[in-house]
Amino acid sequence: MKKYLNGIEVDLTVEEQTEYNARNTTWNNESKDRKLAQIKQMRLQKLEETDYFANSDVTMPDNIKTWRQSLRDIPQDFSTEEQYDLLLARDEQGNLTHSIWSKP
């Protein structure tokens with residue numbers, strides 16, 4: 001591995017390479033946690049968009065109740081990094097493609 005020191009490319013020292021490898025390993029190991037945090041934030045946003053249905057003077061349609069429950073169930077229904085990748089997948093326009101995100 002190389003680094004730039006005063007504009008000159010030099011090799012990392014053994015200690016620097018060890019530290020770089022450790023940080024890289026930690027970053028990779030925490031990938032699943034970062035994805036889940038992102039999914040939970042997106043889920044919260046979707047739930048907040050329909051919170052008004054929970055007001056006492058509004059009747060929440062069954063399809064919205066079911067959808068909201070599906071969103072709340074994400075952590076137990078989707079638990080692998082591969083499943084997180086599916087939840088985070090986007091099309092060419094940047095829209096989420098997994099059906100769970102589509103409000104009925």
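Here the structure is a predicted model, which is why all the values come from computation and not from measurement.
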Minimal non-hydrogen separation, [X] against [Y], with atom names:
X    : Y   : value
K40  : P75 : CE-CG, 4.2 Å
W101 : W67 : O-CZ2, 3.8 Å
Y84  : F78 : CE2-O, 3.2 Å
E16  : D11 : OE1-O, 4.5 Å
I100 : S70 : CD1-O, 3.6 Å

Using 0.5 Å steps for rounding, measure from the [atom1] atom of [X] to the [atom2] atom of [Y].
X   : Y   : atom1 : atom2 : result
E19 : R23 : CD    : CZ    : 4.5 Å
T66 : M60 : OG1   : CE    : 10.5 Å
T97 : L88 : OG1   : CG    : 9.5 Å
L87 : H98 : CG    : NE2   : 5.0 Å
L47 : L71 : CG    : CG    : 5.0 Å
T25 : E30 : OG1   : CD    : 11.0 Å

Kindly check if the number of other-residue, nucleotide or ligand heavy atoms within 6.0 Å of CG (N6) is above 12?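 Not more than 12 within 6.0 Å, no.
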Applying salt bridge (charged side-chain N to carboxylate O under 4.0 Å, His left out), which residue pairs with at least one partner in residues 90-104 are found, sequence neighbours left out?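 Applying salt bridge (charged side-chain N to carboxylate O under 4.0 Å, His left out) to every pair that reaches into residues 90-104, excluding sequence neighbours, yields nothing.
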Determine, step by step, whether K2 and L12 satisfy the side chain to side chain contact (heavy atoms under 4.5 Å, CB included) criterion, reporting the C-alpha distance in whole Å, the side-chain angles of both residues, the deciding distance to 0.1 Å, and the verdict. CA-CA 6 Å; K2 304 278 187 182; L12 294 178; over 6 Å; no
Is there side-chain contact between Q83 and I74, with heavy atoms separated by less than 4.5 Å? no
Do the side chains of F53 and P61 get nearer than 4.5 Å, heavy atoms only?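 When only atoms from C-beta onward are counted, F53 and P61 do touch, with a gap below 4.5 Å.
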Any sub-3.5 Å donor-acceptor pair from N21's side-chain atoms to T18's backbone N or O? no
Starting from the C-alpha separation in whole Å, work towards a yes-or-no answer on side chain to side chain contact (heavy atoms under 4.5 Å, CB included) for W27 and R34. CA-CA 9 Å; W27 173 260; R34 284 191 311 278; 3.3 Å; yes
Holding to salt bridge (Lys or Arg N to Asp or Glu O under 4.0 Å), I want the full list of residues that pass it with K35, two or more places apart in sequence or in another chain. E81, D85
Test: D73 and R43 ion pair at under 4.0 Å: no
For residues Y4 and M1: do they belong to one hydrophobic cluster (side chain heavy atoms under 4.5 Å, members Ile, Leu, Val, Met, Phe, Trp, Tyr)?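 Not linked; separate clusters.
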